[in-house]
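First comes the structure, then the notes that go with it.
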Amino acid sequence: MKDDVLISFANVNKQFETAEGPSMVLRDLNFEVKRGSFTIIYGPSGSGKSTLLNVLVGLERPTSGKVMVDGVDIYALNADERARYRANTIGMVYQSNYWVASLSALENIALPLYLTGRSKGEAIGEAKLSLARVGLEKFANYRPTLLSGGQQQRISLARATVVSPTLLIADEPTGNLDTKNGDVVMNLLQQFRDDFNTTVVLVTHNLEYLPLSDHRISIKDGVVTEDSGHYQASSATLTKARNTMSDAIDAKKSPVKRKRRV
Amino acid sequence: MIKHHRLRGVIKPQILAHMSLKNLFFKKLRTSLTVLGVVIGVGSIVFLVSLGLGLQKLVNRQVVGSNSVKTIDVSSTKSKVIKLDPETVKSIASLSEVEKVAKVYNFGGRANIGTSKTDSIVFGVDSDYLELGNLKVVEGSGQTLADGQALVNLSLLKAVGISDTKSALQKDLNVNVEIVDDTKAGAKKNITLSAQIVGVIESGSGAEVYLDSKGFLASGVVNASQLKVLAKSQQSVPELKKQIEAFGLTSSSPLDTLDQINQIFNLFNFILVGFGGIGMIIAVLGMFNTLTISLLERTREIGLMISLGARQRDVRRLFIMESITLSHLGGLIGLIGAYMSGRVVDLVLNSWAASRGVPDRITAFDLQPWIIAATFVFVTIVGFVVVYFPARRASHINPIEALRHE
């Protein structure tokens with residue numbers, strides 16, 4: 001595997017046993033994702049996108065095939081090692097917002113840091129920075145469930161990025177948001193990639209955001225129907241995509257200000 | 001292949017403890033009710049057991065009184081055949097576990113104080129008896145009796161119409177006693193002995209007079225009526241009793257009564273623990289219920305934690321910590337509650353007793369350190385047992401299904 005490749009799927013199959021018999025959800029998937037890329041995996045509902053993501057984060061063992069992330073065959077790891085892989089390597093944003101109800105927004109953001117063994121003080125300190133990056137410092141002590149959908153998704157993003165993950169995965173992150181809030185979240189995703197060279201894998205059925213990507217994979221009925229491969233996204237494309245976003249995002253006011261190349 | 005240098009550690013126990021406290025605090029009412037259940041369960045067991053043990057101690061003390069549990073009373077039921085003659089006494093005294101043997105001689109008699117007369121039992125005792133018998137002196141002294149000195153009991157004074165015990169001291173007492181002259185083949189004879197009252201004791205319901213035994217011995221009494229044997233240790237009492245009974249004598253010791261009382265109290269305590277146990281079972285079910293509901297409510301939360309990188313054992317530990325916190329909190333408050341209730345019971349008992357003229361302080365509630373230690377061991381075990389299934393279920397939650405769970 002080349003050094004610039006972060007993810008590699010080789011002959012990955014996933015079959016579920018259902019009442020009607022076995023069902024092939026992923027069929028012979030083969031693709032690679034480059035480090036620092038913004039990859040969008042798209043396809044209609046039921047095409048196997050979510051299963052693909054679950055396989056990628058190490059929660060769903062494929063029936064056959066090999067999944068390599070950052071040079072590690074993740075299904076050769078035991079359950080504990082895979083848990084540590086998730087905690088250290090992956091940041092995850094879901095369509096719905098999931099929280100530990102008893103913890104404040106700030107502590108929910110700190111949770112991934114807790115899971116990697118940070119002390120409370122250390123974790124809270126880093127969580128504050130992460131919260132500031134999504135511009136919601138003043139909601140630190142709120143229970144996340146009391147916030148709006150858009151705010152929750154931004155906090156979710158702050159939680160996903162707090163460990164400075166190598167791979168940021170977003171599963172329909174704008175699915176439950178209006179266009180304005182959806183654009184805010186998309187902009188933040190792209191900012192993270194740009195600022196921290198984080199590899200972003202976005203799963204969506206919304207083709208509106210395709211111009212933001214520099215790698216597209218189309219999937220249908222568990223089969224890759226199109227793999228664009230990594231290409232240099234023209235700045236014109238990005239600019240155009242950004243321009244389509246709501247004026248709510250003023251680049252100057254964007255909370256993502258800290259530049260840190262990793 | 002794993003890039004360990006990049007993988008950081010795992011969640012710290014103190015963070016898990018912090019999260020479990022947050023979770024418990026988040027559901028204040030439910031947590032309080034669950035803890036209350038444990039408080040009642042633990043509190044009632046501790047209270048009842050401590051009360052049972054306290055009462056047992058109290059009754060034991062009443063029964064044994066000031067008698068040492070090391071003393072054995074020896075008498076002969078077949079006094080015509082087996083006599084407590086000097087030879088037998090000497091044999092008993094020479095037994096290895098015997099510390100001391102006191103002799104007492106008693107006969108029926110008639111006591112006169114001034115013009116008042118009453119029938120009385122007359123005891124002839126030696127100095128060892130005064131020491132071992134632990135007579136309860138209410139007036140004057142009762143440690144030693146010189147020739148010509150006497151102790152009388154309250155019943156005797158009452159019989160002769162003296163109500164002021166102090167005024168009885170120094171009064172002259174004449175006793176007419178029918179003794180058995182062992183030197184003349186047990187012939188009965190009447191002797192009169194004079195003495196001055198030096199002490200008043202509380203003993204028995206019939207009139208009693210205690211004199212120095214020398215007066216009897218001088219008149220031909222040889223065989224003792226009863227012996228008081230002091231054993232070297234409490235452990236040697238049962239064996240010593242057997243050895244004494246081998247002489248054909250009868251023996252009794254406060255330990256016999258004590259054994260019986262303890263048997264009854266052990267049963268009593270067992271029943272009390274049973275009653276408390278019912279409360280505890282309900283508390284345990286309450287805890288199980290709380291943890292299970294918590295598990296069901298937090299299915300998605302646990303799914304989230306696993307997908308963020310929590311290990312199965314982290315989830316399991318989180319639940320165990322919550323359970324242990326619940327049970328220990330309940331145990332601690334239960335202990336404090338039981339202790340306070342016990343103090344209240346003691347206070348009420350004492351003020352009631354005081355109102356009835358009992359001067360001694362009663363302690364009916366006895367919370368012993370081993371009960372406190374046992375309570376903590378017990379609630380720890382309860383905490384672990386109750387959480388076993390919920391924690392197991394929690395750690396086996398499939399995060400994908402859990403996050404789909406609405």
Side-chain angles (χ1 to χ4, degrees), chain A residues 50-51 53-55 57-60 68-74 76-92 94-104 107-108 110-120 122-123 143 156 159-160 162-166 169 171, chain B residues 1-28 30-31 294 296-318 321-322 325 394-406:
Chain A
S50 292
T51 304
L53 279 196
N54 289 335
V55 168
V57 297
L59 290 173
E60 191 85 72
M68 302 280 285
V69 178
D70 207 5
V72 177
D73 178 354
I74 59 173
L77 305 175
N78 65 31
D80 280 357
E81 287 168 339
R82 225 169 14 253
R84 296 184 71 191
Y85 151 74
R86 277 196 296 279
N88 287 278
T89 313
I90 293 182
M92 187 82 203
Y94 293 95
Q95 178 174 358
S96 308
N97 293 295
Y98 306 114
W99 308 111
V100 173
S102 59
L103 300 181
S104 64
E107 280 214 83
N108 266 287
L111 190 56
L113 294 168
Y114 288 160
L115 291 171
T116 54
R118 254 71 143 220
S119 70
K120 193 168 172 239
E122 201 183 345
R143 294 212 184 279
S156 179
R159 179 178 64 196
V162 75
V163 289
S164 304
T166 315
I169 299 174
D171 186 2
Chain B
M1 193 71 176
I2 316 158
K3 297 184 175 177
H4 275 298
H5 62 280
R6 286 215 353 259
L7 299 185
R8 308 252 329 206
V10 295
I11 190 162
K12 290 184 192 302
Q14 55 268 40
I15 297 282
L16 276 178
H18 163 74
M19 285 181 69
S20 70
L21 284 179
K22 282 260 180 179
N23 277 326
L24 292 176
F25 198 67
F26 188 57
K27 297 281 179 186
K28 288 185 201 75
R30 185 191 298 166
T31 302
S294 173
L296 294 176
E297 275 182 356
R298 284 154 62 196
T299 302
R300 278 209 298 176
E301 203 168 300
I302 294 157
L304 171 73
M305 285 181 66
I306 295 173
S307 77
L308 290 180
R311 298 167 304 165
Q312 284 194 333
R313 79 184 77 158
D314 298 331
V315 173
R316 202 161 48 228
R317 282 174 189 166
L318 182 68
M321 283 192 182
E322 287 180 26
T325 307
S395 67
H396 284 97
I397 278 176
N398 178 339
I400 297 169
E401 282 172 19
L403 291 179
R404 228 180 272 145
H405 182 95
E406 289 299 328

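Values reported hereafter were calculated over all heavy atoms of this structure, with side chains retained and with hydrogens, waters and symmetry mates removed. Chain letters run A, B, ... following the sequence lines, proteins first and then strands; every chain starts at 1.
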Check: Is the closest side-chain heavy-atom distance between B:Asp314 and B:Met305 below 4.5 Å?
Finding: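 No, their side chains stay 4.5 Å or more apart.
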Check: Are A:Met92 and A:Leu59 close enough that some pair of their side-chain heavy atoms sits under 4.5 Å apart?
Finding: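 A:Met92 vs A:Leu59: side chains apart.
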Notebook entry, point to check: Listed by chain and number, what are the side-chain hydrogen bond (donor to acceptor under 3.5 Å, both in side chains) partners of B:Asn398, not counting sequence neighbours?
Noted result: none
Notebook entry, point to check: When heavy-atom pairs shorter than 4.5 Å are enumerated against chain A, which of B:Ser307, B:Pro399, B:Gly303 gives the highest number?
Noted result: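 Most pairs with chain A among the choices: B:Ser307.
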Notebook entry, point to check: Between B:His18, B:Met19, B:Gln14, B:Glu297, which has the largest tally of heavy atom pairs under 4.5 Å with chain A?
Noted result: B:His18
Notebook entry, point to check: Under a 4.5 Å heavy-atom cutoff, which of A:Ala87, A:Gly91, A:Ala123 has the most pairs with chain B?
Noted result: A:Ala87
Next item on the list: Select, from A:Ala101, A:Pro112, A:Ala160, the one with the greatest count of heavy-atom pairs under 4.5 Å involving chain B.
Entry: A:Ala101
For [X], which atoms come within 4.5 Å of any heavy atom of chain A: side chain, backbone, both, or neither?
{"X": "B:Arg298", "result": "neither"}
{"X": "B:Leu308", "result": "both"}
{"X": "B:Ile302", "result": "neither"}

Margin query: Given the ring of B:Phe25, does B:Lys28 sit roughly above its face, with NZ or CZ under 6.0 Å from the centre of the six-membered ring and within 45° of the axis?
Written below: yes
Side chain from CB out, backbone as N, CA, C, O: work out which of these in [X] comes under 4.5 Å of a heavy atom of chain B, or both, or neither.
{"X": "A:Val57", "answer": "neither"}
{"X": "A:Arg82", "answer": "neither"}
{"X": "A:Ser119", "answer": "both"}

Margin query: I'd like to know if the side chain of A:Tyr98 and the backbone of B:Leu403 have a donor-acceptor N/O pair within less than 3.5 Å.
Written below: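 Checking the backbone N and O of B:Leu403 against the side chain of A:Tyr98, a donor-acceptor pair under 3.5 Å is found.
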Margin query: Under the criterion side chain to side chain contact (heavy atoms under 4.5 Å, CB included), I'd like the reasoning laid out for B:Glu301 against A:Val100: C-alpha separation, chi angles, the key distance, then a yes or no.
Written below: CA-CA 5 Å; B:Glu301 203 168 300; A:Val100 173; 3.2 Å; yes
Next item on the list: State whether a side-chain donor-acceptor pair under 3.5 Å links A:Ser102 with B:Asn23.
Entry: yes
